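Please read these numbers as outputs of a predicted model, since none were measured by experiment. Side chains included, hydrogens not; waters and symmetry mates left out as well; all remaining heavy atoms used.
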Amino acid sequence: MPAPAAVLPAPVPGVKGAGLPDFSERLSPMLVKELRQGMRSPLFVWGLISMNLFLAGVVWLTMGDPGENTLHQAFFGGYCALVCGLLPLRAAGALHDELRGNTIDTLILTRLTGWRITLGKWVAVAAQQLLATITVLPYLIVRYFAGGVDVPMELAWLGIFLLTGMGSAAILTGFSWIRYFLFRSAIMMGLTFATGAFCVAVLEEMFGYRRQYLLDEIFRTGGWRVFLLVLLPAAHAVFFALDVGASKVGSMVENRPVRRRVVGAVVIFAYGLLAWFCHANEWWVLIWSGTLALATLLIIGLQALLEHPVNLPAVVMPMVRRGWWGRLAGRFLYPGWPSGVNFVFFLLLAAGLVFSWRFHGQLPARYGGSGPSQPDSGDWAFAVAGWGALAGMLPVPLVLWQVFFRKRLSWHLGVYVLLLFTVAALEVALIVMAASLENHNLLKWGWPVPTMGWAWLDRVDYRFFNENWDSGNLGWTSPLMEVDPARHMNWTYETITVTSGLVSFAWWGLALLIAARAFRATRAVEREAAALWRGEGP
């Protein structure tokens, strides 16, 4: 007897399953999860209600007295308290909660990368801040009808406060992986205090001293380059914090240095463009661009030199598939300090060439004049043996660890700082000995240390000075014009420049040789990955 046919339910007219896509399917699952939880949290619900009640009362009072600056400050203060103060605090334990609950492994099994996990948590907080900002706009319009309100300018400041709150939330999210509560609390309190101080200072400038047009004054004084010199480091700080958080919750096979190093190189390139196209009377753009570029180089350089090599076929496979060019790019973008040495050295070399060209072509008269001037030997000594020596110190702890302590100590930030302070202690001991013996020619024995150039520049014989160089124009507090012979060395600026430059290149040369030897293991993994890609593996 045949089995009865299955009875299917009749389709409902006008309803198609494929025609009703869920909006959440278009977004990251982490973002949807965090946004749903965040918008139901008491902090957001009661904070939003309290802010709206407070703003309603302030606007009602403003209608009766439109010229009272205290009410205008209170309006923005109530907004900043929620967007720049309370809401960023929700991100202070975002990653720690996942790590403490042992749910990170479960999230990684869903093929969510560490970057998507961290980014989703931050965007959820940023969306709540944006929603709170939208609820403020009707009150802003009502204040306009009361009179005495420049709506475009206040909208601009509203956007600046919103970006400040988002940046604070990003930094708190990125460093929320820290295990110890006291450290997390210190970061949270310090950042909240700094954000609050910024908001209070801006409100005082906007209304306390009747300078509502502060942005116009900044733009007239420095132009659009001022905003770029503020936005670029702020955006890179946000990315850096989120990337640090992603590195703590991601899996081992993620090649995070690609994004990290490429973004850092793009930011430094942007600083280079600002310096390259600055006008003759905008020498401050050149100085600030060079300083920020050097700081960015030191940060991403330290980060690259502290990475542990991850020689796995899954990591090198994307580069191996691109053939010879991919393997060449891998020498700069693979995880680990060997590729980090190559990347940082050539980035330093390129950045140094660009800024040296502009340094030679345009500087104020000894940093204090009003027009460009050609630098002399003192300028180059200050650039190479001064700030350039900081870049020369980057590979010193790595080389010392590889030569003396590789089999005894594991490579991490603590070892790097310990070796760095050891070298600095030897430098200080040599300076103290030279001062106690009143023979500063003893400082020449410190030539293996790149930063010894600072002590050398402090003790150049006054006969090598010209009339433009003094302690005030140099920008440091050392008494360079003192004529005490016991403080002098018999080295000229040219000797200091050449010696400091050669020492820095020598340390980087040793680091490049050590990195080349470390790439032997990487080449073996590349051959294994190539075999797997061709189907020759097991």
Side-chain angles (χ1 to χ4, degrees), residues 38 41-59 62 68-94 121-122 124-137 139-140 143 153-176 178 181-212 214-215 218 227 230-231 233-238 240-242 245:
S41 66
L43 179 63
F44 175 74
V45 174
W46 290 107
L48 190 64
I49 293 174
S50 301
M51 184 194 72
N52 279 273
L53 291 176
F54 177 78
L55 294 185
V58 171
V59 171
T62 304
E68 180 59 41
N69 288 328
T70 305
L71 295 176
H72 296 299
Q73 289 178 335
F75 178 83
F76 280 94
Y79 167 78
C80 292
L82 179 65
V83 174
C84 300
L86 292 178
L87 288 181
L89 295 181
R90 291 203 65 255
K121 288 180 174 294
W122 171 61
V125 178
Q128 297 171 48
Q129 293 172 315
L130 181 61
L131 179 60
T133 304
I134 293 175
T135 62
V136 175
L137 297 180
Y139 300 104
L140 195 67
R143 290 175 62 245
M153 192 61 61
E154 293 201 356
L155 283 175
W157 280 114
L158 207 66
I160 291 175
F161 290 137
L162 174 62
L163 293 178
T164 302
M166 287 182 175
S168 177
I171 295 175
L172 290 177
T173 302
F175 290 98
S176 62
I178 297 177
F181 174 76
L182 291 179
F183 290 165
R184 292 202 318 275
S185 299
I187 294 175
M188 177 183 66
M189 294 176 62
L191 188 61
T192 303
F193 176 80
T195 305
F198 169 78
C199 294
V200 170
V202 168
L203 291 178
E204 286 291 333
E205 290 292 326
M206 285 175 62
F207 301 108
Y209 305 111
R210 300 182 182 275
R211 292 179 60 185
Q212 292 90 340
L214 181 61
L215 288 178
I218 295 175
F227 296 99
V230 173
L231 290 177
H236 189 247
V238 168
F240 175 80
L242 294 177

Looking only at heavy atoms, which two atoms of [X] and [Y] are closest? And how far apart?
X      : Y      : result
Gln73  : Leu203 : NE2-O, 3.3 Å
Gly167 : Val238 : CA-CG2, 3.8 Å
Leu89  : Gly85  : CG-O, 3.2 Å
Ala170 : Leu242 : O-CD2, 3.8 Å
Ala74  : Val58  : CB-CG2, 4.2 Å
Cys199 : Cys80  : SG-SG, 3.8 Å

Is there side-chain contact between [X] and [Y], with at least one heavy-atom pair below 4.5 Å?
X      : Y      : answer
Leu86  : Met51  : no
Phe76  : Leu55  : no
Ile160 : Val202 : no
Leu131 : Phe44  : yes

Nearest 0.5 angstrom please: [X] [atom1] to [Y] [atom2], how far?
X      : Y      : atom1 : atom2 : answer
Gln128 : Met166 : CD    : CE    : 11.0 Å
Leu87  : Leu130 : CG    : CG    : 11.5 Å
Leu172 : Leu191 : CG    : CG    : 5.0 Å
Leu82  : Leu48  : CG    : CG    : 6.5 Å

Checklist entry - What do the steps show when you test Leu71 against Val59 for side-chain contact (heavy atoms from CB on, under 4.5 Å), and what is the final call? => result CA-CA 8 Å; Leu71 295 176; Val59 171; over 6 Å; no

Item to check | Expected output: side-chain Ser50 to main-chain Gly47 donor-acceptor under 3.5 Å | outcome: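 Flag not set: sc Ser50 to bb Gly47 has no pair under 3.5 Å.
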
Checklist entry - Pairs in or reaching into residues 167-176: which pass side chain to side chain donor-acceptor pair (under 3.5 Å), with residues at least two apart or in two chains? => result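 Output for this query is empty, none listed.
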
Checklist entry - Which residue pairs satisfy the side chain to side chain donor-acceptor pair (under 3.5 Å) criterion with at least one member in residues 190-200, sequence neighbours excluded? => result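 Not a single pair qualifies under side chain to side chain donor-acceptor pair (under 3.5 Å).
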
Item to check | Non-neighbouring partners of Leu231 that pass side-chain contact (heavy atoms from CB on, under 4.5 Å), sequence neighbours left out | outcome: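 Here no residue qualifies.
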
Checklist entry - By side-chain contact (heavy atoms from CB on, under 4.5 Å), which residues pair with Ala92, not counting sequence neighbours? => result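 If we apply the side-chain contact (heavy atoms from CB on, under 4.5 Å) test to Ala92, skipping adjacent residues, the hits are Met188.
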
Checklist entry - Who passes side-chain hydrogen bond (donor to acceptor under 3.5 Å, both in side chains) against Thr133, sequence neighbours left out? => result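 By the side-chain hydrogen bond (donor to acceptor under 3.5 Å, both in side chains) rule, Thr133 matches Tyr79.
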
Item to check | Sequence-distant partners of Phe198, ring-ring contact (aromatic ring centres under 6.0 Å, His included), two or more places apart | outcome: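 Partners of Phe198 by the ring-ring contact (aromatic ring centres under 6.0 Å, His included) criterion come out as none, since no residue qualifies.
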
Next on the checklist: Within 45 degrees of the ring normal and closer than 6.0 Å to the centroid, is that where the cationic atom of Arg143 sits relative to Phe75?
Outcome noted: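 Flagged: Arg143 positioned over aromatic ring of Phe75.
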
